[in-house]
S.K.: 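Please see the structure below; I have some questions.
Protein chains get the first letters and strands the later ones, always in sequence-line order, with residue 1 at the start of each.
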Amino acid sequence: MHGAMSSSGPRFRFAPSPTGMFHVGGARSALHNWALARQMGGAFVLRIEDTDEARNNPEWTQGIIDALAWIGISADDEHFEGPHFQSANADAHVAAAQRLFEAGVAYYCDLSGQEVQDRAKELGITGYDGYSRDRGLDPAPGRVLRFRVPDGTTIVHDEVRGEVTFDNSTIEDFVLLRGNGTPVFLLANVVDDIEMSITNVVRGEEHLPNTPKQQMLWQALGHEPPQWAHIPVLVNEQRKKLSKRRDKVALEQYRDDGIVADAMVNYLMTLGWTMPGGEEAGSEIFPWSEMEAAFSLSAVSLSPAFFDVKKLVAFNKQYIKNMTVADFVEAVDADLPPDWDRARFTEIAPHIMERLERLGDAPGVVDFLFLGDGVDPEIDADAWAKAVKPEWATTLLGEITEAYDALGADEWTHETLKATMETLMVAHEIKLGKAQALPRVAVTGRSVGPPLFEALEVLGQAETVRRLRVGMTRAARSAATD
RNA sequence: GCCCCCAUCGUCUAGCGGCCUAGGACUCCACCCUUUCAAGGUGGCAGCACGGGUUCGAAUCCCGUUGGGGGUGCCA
């Protein structure tokens, strides 16, 4: 699973914490790293940040790998490296902290969180005031190790935002090691990046405020900081950062909802970035290979983007429509009841592909073909009432039924079925659109569905005629009650 | 409160001083086509937050205001 480390190109990383479902924002970030690593012949390093919280991760880790694979980030690809686990590197984190302490750039403090707050309130400031900076405390249980933030300013060079300057006086002496001796994210993250020779950190904007701190750590540890890049966050309709509590953010959920992976990937890439050439093409739909080659951080927008499910679905429709029948049938297989005849489904598949918003909608539009012979579909009352209303409707239904019944087996094709109906309808001076209404409801139970004649061809002559006859009976009953 | 970031149609965006009476995509509406529904075609509604500068000329540069977002943990 560990990819080749032979490449000398840039090393990107994706470092999710295994806290559950895979966030769509994380997916976009992963895609950016993936595109860059591949186009530059570098590495995409997957590191699972499993410190604390979720300790037993095999399940979640596999979930992350599966989710990545779904959007095309394959662990088998030569550019893929990992997964590495942050927890396996705990000793190095502590050792780095130790070095920082010995070098005098970090010091111990015995104030509890509460005490820090109380002092701040008393002093009228916010955060930690550097109380223990010069107290020369030794390590001891309960004492935290803090970084001694130097005077001056820290300039972060960001590939999407340019230069961002922070006045160090606004950065408090932050914690490196907790009272129980364990490292915090800020430290562990930097130490791991250094150990894994990461050269490019591309992550969400929410990390921008952490960056000066991490940059100082890189330097204090004797390394040149990586090339930073902070991409804008994804927000909901309230313009708030997508949150697991309020919003539907799990990639897996969209997958289960019938969103095609390529559509998700394509849509995610349009958020904050525009594929060159899209305007001329009049479309934003592009194959991954082209987006991967064209993606550039300097072209990424600076503002948060709303994750619009409507547009995602529009993309999904496009992708479903453009699938091959074989791929489509394979993709919806899991959504189909096991007893449905796959061969029959394959016959009708081309006719429903351009009508679906989501893969999961497929069964619901063709279920009338899989009822089994002799089983009547459930007739929608409103649809039926509307279809029988015209005075010619019942008469025409009868004529069609007899004509279809009289057809030879080799004549049971959608062309003949259509031509037969057209011949009969002229006497009533109506168009095909109206003529097919009642037969459609009689056979399928609904007023909308796949093209009628194609569906009837698949259904077969015997069952079609049988249902039409049932329809005749029903029509007679409708007339009686009127 | 403090720090940082951001600001073009409802949404995602193109635009990087004159090509902009601001272009595309999604949504919505109308019409055409049509075997229902879709798809497709054509057209339409809709935007440079505001105020000052700079300039012959500003959506584009500068300043301010307002608005939004992110961060302010011994979470990651």
Side-chain angles (χ1 to χ4, degrees), chain A residues 15-19 49-53 86 109 111-113 116-117 124-128 142-146 156 158 161 164-167 169-172 174-186 188-189 204-212 230 232-233 235 237 239-241 267 270-276 278-285 299 301-308 310-315 317-318 321 351-357 365 383 387 414 417-418 421-422 431-437 439-441 444 446-455:
Chain A
S17 52
T19 53
E49 308 239 320
D50 59 346
T51 47
D52 275 359
E53 300 197 64
Q86 185 154 73
C109 176
L111 253 38
S112 70
V116 169
Q117 267 186 31
I125 60 166
T126 53
Y128 181 69
R143 292 181 181 173
V144 300
L145 182 68
R146 286 180 180 274
V156 171
D158 190 288
R161 270 150 226 287
V164 185
T165 305
F166 296 85
D167 187 335
S169 67
T170 65
I171 303 172
E172 66 175 27
F174 53 93
V175 171
L176 262 22
L177 251 31
R178 301 186 184 95
N180 64 8
T182 59
V184 302
F185 156 77
L186 241 26
N189 195 256
E205 186 188 7
E206 66 269 25
H207 289 290
L208 188 53
N210 288 328
T211 310
H230 291 88
V233 294
V235 298
E237 49 275 272
R239 300 252 115 211
K240 300 283 186 203
K241 186 170 73 161
Y267 175 63
T270 67
L271 262 22
W273 180 69
T274 304
M275 173 75 186
E279 191 165 335
E280 295 76 72
S283 165
E284 295 180 316
I285 306 285
S301 91
L302 302 302
S303 318
F306 169 50
F307 186 81
D308 186 359
K310 264 199 175 156
K311 190 157 181 180
L312 204 213
V313 170
F315 273 44
K317 251 180 132 164
Q318 285 290 316
K321 185 165 85 96
H351 304 293
I352 65 172
M353 287 170 64
E354 68 178 19
R355 283 154 232 272
L356 298 178
E357 292 194 335
V365 307
H414 64 271
L417 292 168
K418 182 183 176 197
M421 189 180 291
E422 282 171 333
K431 293 245 177 106
L432 195 51
K434 291 193 169 187
Q436 56 97 51
R440 174 183 289 280
V441 180
T444 73
R446 291 180 289 259
S447 57
V448 300
L452 218 221
F453 307 110
E454 286 76 356

S.K.: Do A:Phe307 and A:Leu271 have side chains that approach each other closer than 4.5 Å (heavy atoms only, starting at C-beta)?
M.R.: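 Side chain of A:Phe307 against side chain of A:Leu271, heavy atoms only: contact under 4.5 Å found.
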
S.K.: Please measure how far the C1' atom in B:U42 lies from the corresponding atom in B:C33, and state the result in whole Å.
M.R.: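 Their C1' atoms lie roughly 11 Å apart.
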
S.K.: Testing the basics here: between A:Val175 and A:Leu177, what is the closest heavy-atom pair and its distance to 0.1 Å?
M.R.: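 Smallest interatomic distance, heavy atoms only, reads CG1-O, 3.4 Å.
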
S.K.: For A:Leu356 and A:Lys317, which heavy atoms make the closest approach, and how far apart are they?
M.R.: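 Between these two residues, the closest heavy atoms are O-CG, 3.0 Å.
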
S.K.: Identify whether any heavy atom of A:Glu49 sits under 4.0 Å from a base atom; if not, whether one sits that close to sugar-phosphate; answer base, sugar-phosphate or nothing.
M.R.: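 Touches sugar-phosphate only.
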
S.K.: Which pair of heavy atoms, one from A:Ile352 and one from A:Pro450, lies closest together, and at what distance?
M.R.: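 Scanning both residues completely, I find the closest heavy atoms to be CG2-CB, 4.0 Å.
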
S.K.: To the side chain of A:Lys241, which of B:U36, B:A25, B:G71 is closest?
M.R.: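 Closest nucleotide to the A:Lys241 side chain: B:G71.
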
S.K.: Ignoring hydrogens and geometry, is there a side-chain-to-backbone donor-acceptor pair from A:Tyr128 to A:Arg146 under 3.5 Å?
M.R.: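 Not at all, since once roles are kept as given, no pair shorter than 3.5 Å links the two residues.
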
S.K.: Could you tell me whether A:Ser112 contacts a base, only the sugar-phosphate backbone, or nothing, with contacts defined as non-hydrogen atoms closer than 4.0 Å?
M.R.: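 Base: the residue A:Ser112, judged by heavy atoms under 4.0 Å, touches a nucleobase.
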
S.K.: Taking any heavy-atom pair under 4.0 Å as a contact, classify A:Tyr267: base, sugar-phosphate, or nothing.
M.R.: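 Here A:Tyr267 touches no strand at all.
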
S.K.: Using the side-chain heavy atoms of A:Pro209, tell me which of these nucleotides is nearest: B:U35, B:G70, B:C12.
M.R.: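 Out of B:U35, B:G70, B:C12, the nucleotide with an atom closest to A:Pro209's side chain is B:G70.
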
S.K.: What integer number of Å spans the C1' atoms of B:A46 and B:C29?
M.R.: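 The answer is 12 Å between these two C1' atoms.
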
S.K.: Could you check A:Glu422 against A:Arg239 and say which one's nearest nucleotide on RNA chain B is further toward the 5' end?
M.R.: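 Between the two, 5'-proximity favours A:Arg239.
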
S.K.: In whole angstrom, give me the gap between the P atoms of B:U27 and B:G70.
M.R.: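 Here B:U27 and B:G70 have their P atoms 28 Å from each other.
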
S.K.: Is B:C50 paired to anything, Watson-Crick or G-U wobble with both distances less than 3.5 Å, and if yes, which nucleotide?
M.R.: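 For B:C50, the partner nucleotide comes out as B:G64, under the 3.5 Å rule.
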
S.K.: When we call it a touch if two heavy atoms are under 4.0 Å apart, what does A:Pro450 touch: a base, just sugar-phosphate, or nothing?
M.R.: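 Answer is base: heavy atoms of A:Pro450 come under 4.0 Å of a base.
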
S.K.: How are the rings of A:Phe185 and A:His207 set to each other: parallel, tilted or perpendicular (split at 30° and 60°)?
M.R.: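 A:Phe185 and A:His207: tilted rings.
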
S.K.: Return the value, rounded to whole Å, for the distance between atom CD of A:Glu206 and atom P of B:G69.
M.R.: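 Going from CD in A:Glu206 over to P in B:G69 covers 15 Å.
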
S.K.: Please determine, for the side chain of A:Lys240, which listed nucleotide (B:A38, B:C12, B:G69) has the closest atom?
M.R.: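 Comparing B:A38, B:C12, B:G69 against the side chain of A:Lys240, the answer is B:G69.
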
S.K.: Does OP1 or OP2 of B:C12 have a side-chain N or O of A:Thr270 closer than 4.0 Å?
M.R.: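 False: A:Thr270 side-chain N/O out of range (4.0 Å or more) of B:C12 OP1/OP2.
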
S.K.: Which heavy-atom pair separates A:Arg178 from A:Val144 by the least distance, and what is that distance?
M.R.: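 Looking at all heavy atoms of both residues, the closest pair is C-CG1, 3.9 Å.
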
S.K.: I need the NZ-C1' distance between A:Lys321 and B:G40, as an integer number of Å.
M.R.: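 Distance check: A:Lys321 NZ to B:G40 C1' gives 7 Å.
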
S.K.: Hey, does the side chain of A:Lys310 come within less than 4.0 Å of B:C26's phosphate (OP1/OP2), counting only N and O?
M.R.: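 A:Lys310 to B:C26 OP1/OP2: no side-chain N or O under 4.0 Å.
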
S.K.: Mark yes or no for a side-chain to base donor-acceptor pair under 3.5 Å between A:Glu205 and B:G71, with no hydrogen or angle criteria applied.
M.R.: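 Under the 3.5 Å cut-off, the side chain and the base do not form any donor-acceptor pair.
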
S.K.: Which one, B:C75, B:U36, B:U35, comes nearest to the side chain of A:Phe453?
M.R.: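 Of the options given, the side chain of A:Phe453 lies nearest B:U35.
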
S.K.: So, for A:Arg239 and A:Pro304, which heavy atoms are closest and what is the spacing to 0.1 Å?
M.R.: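 Reported closest heavy-atom pair: NH1-O, 3.8 Å.
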
S.K.: Base, sugar-phosphate, or nothing: which does A:His230 touch, judged by heavy atoms less than 4.0 Å apart?
M.R.: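 Nothing, no heavy atom under 4.0 Å.
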
S.K.: With heavy atoms under 4.0 Å as the rule, sort A:Leu111 into base, sugar-phosphate or nothing.
M.R.: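 Base, at least one base atom sits under 4.0 Å.
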
S.K.: When the distance from CG of A:Leu302 to P of B:A59 is rounded to whole Å, what number comes out?
M.R.: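 One finds 20 Å between P of B:A59 and CG of A:Leu302, rounded.
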
S.K.: Within the side chain of A:Asp158, is there an N or O that forms a donor-acceptor pair under 3.5 Å with the backbone of A:Val164?
M.R.: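 Side chain of A:Asp158 to backbone of A:Val164, a donor-acceptor pair under 3.5 Å: no, none is there.
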
S.K.: Please report the closest heavy-atom contact between A:Ala383 and A:Arg446, naming both atoms and the distance.
M.R.: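 Taking A:Ala383 first and A:Arg446 second, the nearest heavy atoms are CB-C, 4.5 Å.
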
S.K.: From the set B:C5, B:A76, B:A38, return the single nucleotide nearest to any side-chain atom of A:Val164.
M.R.: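 Nearest listed nucleotide: B:C5.
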
S.K.: Using a cut-off of 4.0 Å on non-hydrogen atoms, how would the nucleic acid contact of A:Ser447 be classed: base, sugar-phosphate, or nothing?
M.R.: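 The answer is base, as A:Ser447 lies within the cut-off (heavy atoms under 4.0 Å) of a base atom.
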
S.K.: In whole Å, measure the gap between the C1' atoms of B:A58 and B:G10 for me.
M.R.: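 So the two C1' atoms sit 26 Å from each other.
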
S.K.: Nearest to the side chain of A:Leu432, which nucleotide is it out of B:U35, B:A38, B:A76?
M.R.: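 Looking only at side-chain atoms, A:Leu432 lies closest to B:U35.
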
S.K.: In whole Å, I'd like the distance from the CZ atom of A:Phe307 to the P atom of B:U11.
M.R.: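 A:Phe307 atom CZ is separated from B:U11 atom P by 17 Å.
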
S.K.: Quick one: does A:Glu279 reach the base of B:U13 with a side-chain donor-acceptor pair under 3.5 Å?
M.R.: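 Absent.
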
S.K.: Using only modelled atom types and a 3.5 angstrom limit, is any donor from either the side chain of A:Lys311 or the base of B:A25 paired with an acceptor on the other?
M.R.: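 Per atom types, the contact qualifies.
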
S.K.: Using whole Å, what does the distance between atom P of nucleotide B:G73 and atom CG of A:Asn210 come to?
M.R.: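 Interatomic distance, CG of A:Asn210 to P of B:G73: 11 Å.
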
S.K.: Starting from P on B:C6, measure out to CZ on A:Arg161 and report it in whole angstrom.
M.R.: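 About 6 Å, once rounded to whole Å.
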
S.K.: Applying a 3.5 Å limit to both distances, which nucleotide forms a Watson-Crick or G-U wobble pair with B:A38?
M.R.: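 Checking every strand shown, B:A38 finds no partner, since no pair has both distances under 3.5 Å.
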
S.K.: For B:G67 and B:C50, measure between their P atoms and round to the nearest Å.
M.R.: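 That atom pair is separated by 15 Å.
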
S.K.: Could you check whether A:Gly204 gets within reach of a base, just the sugar-phosphate, or nothing at all, counting any heavy atom under 4.0 Å?
M.R.: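 Counting heavy atoms under 4.0 Å across all strands, no contact is made by A:Gly204.
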
S.K.: So what does A:Gly433 touch, heavy atoms closer than 4.0 Å: a base, only the sugar-phosphate, or nothing?
M.R.: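 Contact class for A:Gly433: sugar-phosphate only.
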
S.K.: Expressed as a whole number of Å, how far does the C1' atom of B:C20 sit from that of B:A14?
M.R.: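 Looking at atom C1' only, B:C20 and B:A14 are 12 Å apart.
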
S.K.: C1' atom, B:G73 versus B:G15: distance in rounded Å?
M.R.: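 Comparing C1' positions in B:G73 and B:G15 gives a spacing of 42 Å.
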
S.K.: Looking only at the side chain of A:Thr126 (C-beta and beyond, no hydrogens), which of the listed nucleotides B:C74, B:U36, B:G1 gets closest?
M.R.: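 Taking heavy atoms from C-beta onward, the closest nucleotide is B:G1.
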
S.K.: Rounded to whole angstroms, how far apart are CD on A:Glu454 and P on B:C37?
M.R.: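 Going from CD in A:Glu454 over to P in B:C37 covers 15 Å.
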
S.K.: A:Gln318 has an atom CD; how far is it from atom C1' of B:C26, in whole Å?
M.R.: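 It is 11 Å, rounded to the nearest whole Å.
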
S.K.: With RNA chain B as reference, determine whether A:Trp273 or A:Glu172 sits nearer its 5' end, using the nearest nucleotide of each.
M.R.: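 Its nearest nucleotide lies further toward 5', so the answer is A:Trp273.
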
S.K.: Please classify the nucleic acid contact of A:Ala305 as base, sugar-phosphate, or nothing, using heavy-atom distances under 4.0 Å.
M.R.: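 Sugar-phosphate contact only - A:Ala305 comes under 4.0 Å of backbone atoms but never of a base.
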
S.K.: When you measure from the side chain of A:Ala314, which nucleotide among B:G70, B:A76, B:C26 comes out closest?
M.R.: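 Selected nucleotide (nearest to the side chain): B:C26.
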
S.K.: State which of B:U27, B:A25, B:C4 makes the closest approach to the side chain of A:Glu284.
M.R.: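 Closest nucleotide to the A:Glu284 side chain: B:A25.
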
S.K.: If only side-chain N and O atoms of A:Arg178 are considered, is one of them under 4.0 Å from the OP1 or OP2 phosphate oxygen of B:A76?
M.R.: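 The answer is yes; a side-chain N or O of A:Arg178 sits under 4.0 Å from OP1 or OP2.
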
S.K.: Looking only at atom C1', what distance separates B:G18 and B:U54, rounded to whole Å?
M.R.: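 After rounding to an integer number of Å, I get 16 Å for this pair.
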
S.K.: Select base, sugar-phosphate, or nothing to describe what A:Gly282 touches, counting heavy atoms under 4.0 Å on all strands.
M.R.: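 The answer is sugar-phosphate, as A:Gly282 gets under 4.0 Å only of primed atoms, P, OP1 or OP2.
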
S.K.: Measure from the side-chain heavy atoms of A:Ser17 and tell me the nearest of B:A76, B:C74, B:U36.
M.R.: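 Output: B:A76.
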
